[in-house]
Amino acid sequence: MRKPADRMLLALFLLSLALYVALIVYGSGTPWKIRLVFTFHAVPAFCLQMLLCRNGRRWVAAIPTLILLGAALFSTFGWFTTTGWDRLGCAIFLGFSAPPTVGCALAWAVFGCWKLCRRGDIRVP
């Protein structure tokens, strides 16, 4: 990685991943920490997806997004079709699969806008 932006994205990915793991290990108990555990992993997913979009081929960069989207759709389908304790499991799985999916989709949107700005199709005032 020669570009400084790629190094910065990698450092942000590793730092946010370490922070997320520390939050899981030491952060149980209070409601705001539990809420952070269920939403914070969108940040490492965003950074990793941006790295893949900037450096990899487009079909390779699409693989994590498609896997996460499939997991989120599978758990949503399970939420609507099951009852009892299985429904709780689907809700927990959806809580862990939806934020990285949103992070990956946001990375694709940012990357697309960046490409359009770079080409000159969008002008930023």
Side-chain angles (χ1 to χ4, degrees):
M1 285 185 215
R2 296 179 184 168
K3 298 177 184 175
D6 291 341
R7 287 188 204 139
M8 199 171 3
L9 276 172
L10 182 63
L12 186 62
F13 167 70
L14 293 174
L15 182 68
S16 62
L17 187 65
L19 184 65
Y20 179 68
V21 169
L23 188 65
I24 286 177
V25 173
Y26 299 112
S28 62
T30 59
W32 67 273
K33 289 180 183 175
I34 293 170
R35 228 175 281 131
L36 270 176
V37 165
F38 273 106
T39 58
F40 186 72
H41 52 287
V43 176
F46 174 81
C47 295
L48 182 64
Q49 188 64 42
M50 279 299 291
L51 274 172
L52 287 174
C53 286
R54 288 174 53 95
N55 294 321
R57 298 192 186 276
R58 300 300 173 254
W59 65 272
V60 174
I63 291 172
T65 306
L66 292 175
I67 290 172
L68 288 169
L69 183 63
L73 289 176
F74 176 73
S75 59
T76 303
F77 178 74
W79 168 260
F80 286 115
T81 58
T82 60
T83 59
W85 288 103
D86 293 337
R87 195 170 196 181
L88 178 65
C90 289
I92 291 171
F93 190 66
L94 180 63
F96 279 114
S97 63
T101 306
V102 170
C104 287
L106 186 62
W108 276 103
V110 168
F111 181 71
C113 288
W114 175 71
K115 288 291 264 189
L116 288 174
C117 285
R118 200 167 137 204
R119 256 189 352 201
D121 292 341
I122 297 177
R123 294 203 174 122
V124 180

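FYI, side chains are in, hydrogens and waters are out, and symmetry mates aren't considered; it's all heavy atoms of this structure.
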Separation between [atom1] of [X] and [atom2] of [Y], rounded to the nearest 0.5 Å:
| X | Y | atom1 | atom2 | answer |
| --- | --- | --- | --- | --- |
| Arg87 | Thr81 | CZ | OG1 | 9.0 Å |
| Thr83 | Leu88 | OG1 | CG | 12.5 Å |
| Asp86 | Trp79 | CG | CH2 | 12.0 Å |
| Cys90 | Phe80 | SG | CZ | 11.0 Å |
| Leu94 | Phe74 | CG | CZ | 12.0 Å |

Would you say the side chain of Leu48 lies within less than 4.5 Å of the side chain of Pro64, judging by non-hydrogen atoms? no
May I have all residue pairs that pass side-chain hydrogen bond (donor to acceptor under 3.5 Å, both in side chains) and include part of residues 40-51, sequence neighbours excluded?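 Those involving residues 40-51 are Tyr20-His41, Gln49-Thr65.
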Evaluate the ring planes of Phe111 and Trp108, with Trp represented by its six-membered ring, and classify them as parallel (under 30°), tilted (30 to 60°) or perpendicular (over 60°). perpendicular
Cluster question for you: counting only ILVMFWY and a side-chain heavy-atom cut-off of under 4.5 Å, with indirect links fine, are [X] and [Y] together?
| X | Y | answer |
| --- | --- | --- |
| Leu69 | Ile63 | no |
| Leu51 | Val110 | yes |
| Trp114 | Met50 | yes |

For residues 8-18, dump all side-chain donor-acceptor pairs below 3.5 Å to protein atoms at least two apart in sequence or in another chain.
from, atom 1, to, atom 2, distance (Å)
Ser16, OG, Leu12, O, 2.8
Ser16, OG, Phe13, O, 3.1

Provide the closest heavy-atom pair for Ser75 versus Ser97 in the form atom of the first, atom of the second, distance.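 Where Ser75 meets Ser97 most closely, the heavy atoms are OG-OG, 3.7 Å.
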